[in-house]
Chemist: 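Could you have a look at this structure, given as structure tokens, before my questions?
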Amino acid sequence: MLWRIVSFVLFQVLPAAAAWNVVAPSIRGPVCLAVALVGCYVWLFIDATRGARLLEWVRAGNAADIDLGRGLWGEVSERIRKLVRQRDRAVLESAGRLQDFLAALQASPNGVVLLSADSRIEWFNQTAAGHFGFDARRDMLQHFGNLVRDPGFAAYYASRDFRQDVVMPGREHSLSKPVKISVHMHPYGEGRMLLLSRDITVVEQAEAMRRDFVANVSHEIRTPLTVLSGFVETLQSLPLDETEQGRYLALMASQAQRMQTLVSDLLTLSRLEGSPLPPLHEWVSVSALMAQCVQDAHALSSVLWTQGQDVQFHIAAGHEIAGSPSELHSAMFNLIGNAIRYTPLDKRIDVYWEVLADGSAVFSVKDQGLGIAPEHLPRLTERFYRVDRSRSRETGGTGLGLAIVKHVAQRHGAELGIESQPGNGSRFSIVFPAVRVRAIADQEMTATSTASAA
Ligand code: ADP
């Protein structure tokens, strides 16, 4: 400010002093006054020009570029420049924060849609685009109700009661491949809405599976229980001789056995689901597993067919599998047991253990039994799925065997393969990855290449 006053005074005093020295004494007074006045106008002109430049720059919005040197306008321009820089920094920071925030919403596994007070779409993430089939260029600022026309959602939206969510079919929903989306609206701000959507197809499927499972288990247990209680009533109410009593008790024992097998298979499945993965460092001898399977196959075929069945074991000796011995035995014997149960006595069953060139190994059971029609193959490993219901029950099947095999295979990083043709028999195989198979030292090798359960 001092510089401003000094310059204003100098602009008048200096020219007036110069005029004082050069002008005749008689006209010195008025000339010096006129010169001082001119100096005053020049100063005012320069000052107004600088102010006007500043105003023009501020109006143009590029005040950051001005440089008006010293003085009042220089300081004003400097202050404006600082304020503009601060504002630009704040704008950049908040734009960055907004971008981070939108990126976080974009990364959300849930669909997010922001709606204006008049229900127009202001923003949505990729997940929401997938759920509702939105297109960012086409649907921005469109009325949400025009794009999502599900009647259930329309009723929910009209009710304005957003305490609960609403479930509606997703964009890719079809009868063969149902897709369910849960939509929940949350009011915020002045009439705005935050809409969250979630794909609950898997949850719904799991819930349906749980219901089916409970229904299946109840059904499986109810049948032998009904038979058992019927026999108990008969024994209580009828005077039976010893032979008849013995017959009834044998039938009761077989029903009790059926329930026991079912419970044991259910426990096996729940153990498989709940226990940690089989270790990679615990090695089980394939020959030992097969020796146990030979014995069990002999016992099962004697029970079912009253005489041994022709089961040939073709085992490449000297290998081990990394995993759980009990799970591996259960899976392998389930396949052998099925072959025994679904193959007539006069037909043959072959069990193979082969190690392939890439180090992986295949355990397979090939039978010449009934075979399975192609439409059943994809569903065979579902719990309680049976092709031949009566044969399964007669032979003590629970419908859980292949589900157990599939589980065990998955837990060992192996794959279950099924090939079958009606009338031509079946081949069930488990392919173990190379990492779970190793050859044992020569001296430990046994020559059990062919064993027979016959
Ligand atoms: P189950 O206890 O009924 O045998 P599984 O899960 O082991 O249950 O098998 C499912 C169904 O697959 C069986 O009910 C049977 O109809 C069919 N199946 C399994 N193995 C064979 C086989 N080797 N030959 C023919 N059908 C088979």
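All ligand and atom numbering here is 1-based and tracks the order in the structure. Because the structure is a prediction, the values reported are computed rather than measured.
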Chemist: Could you give all pairs that pass the ring pair (Phe, Tyr, Trp, His ring centres under 6.0 Å) test and reach residues 232-256, with sequence neighbours left out?
Modeler: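 Residue pairs passing ring pair (Phe, Tyr, Trp, His ring centres under 6.0 Å), neighbours aside: Phe231-Tyr248.
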
Chemist: Filter on ring pair (Phe, Tyr, Trp, His ring centres under 6.0 Å), then keep only pairs touching residues 355-374, sequence neighbours left out; what's left?
Modeler: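 Non-adjacent pairs meeting ring pair (Phe, Tyr, Trp, His ring centres under 6.0 Å): zero.
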
Chemist: Heavy-atom contacts with ligand 1 below 4.0 Å: which residues, ordered by chain and residue number?
Modeler: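 Correct list: Asn338, Ala339, Arg341, Tyr342, Asp367, Ile372, Leu380, Tyr385, Arg386, Val387, Asp388, Ser392, Gly397, Thr398, Gly399, Leu400, Gly401, Leu402, Ser426, Phe428.
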
Chemist: Under the criterion side chain to side chain contact (heavy atoms under 4.5 Å, CB included), which of Asp265, Ile404, Leu266 is the partner of Thr398?
Modeler: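 Testing Thr398 for a side chain to side chain contact (heavy atoms under 4.5 Å, CB included) against Asp265, Ile404, Leu266 leaves exactly one candidate, Asp265.
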
Chemist: List for me each residue that meets ring pair (Phe, Tyr, Trp, His ring centres under 6.0 Å) alongside His186, sequence neighbours excluded, and say none if there are none.
Modeler: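 In terms of ring pair (Phe, Tyr, Trp, His ring centres under 6.0 Å), with neighbours along the sequence ignored, His186 is linked to His184.
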
Chemist: What is the ring orientation for Phe384 with Phe213, classed by angle as parallel under 30°, tilted 30 to 60°, or perpendicular over 60°?
Modeler: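 Tilted.
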
Chemist: Check the side chains of Asp161 and Ser159 for a donor-acceptor pair under 3.5 angstrom, ignoring hydrogens and angles.
Modeler: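 Ser159 vs Asp161: no donor-acceptor pair found between side chains.
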
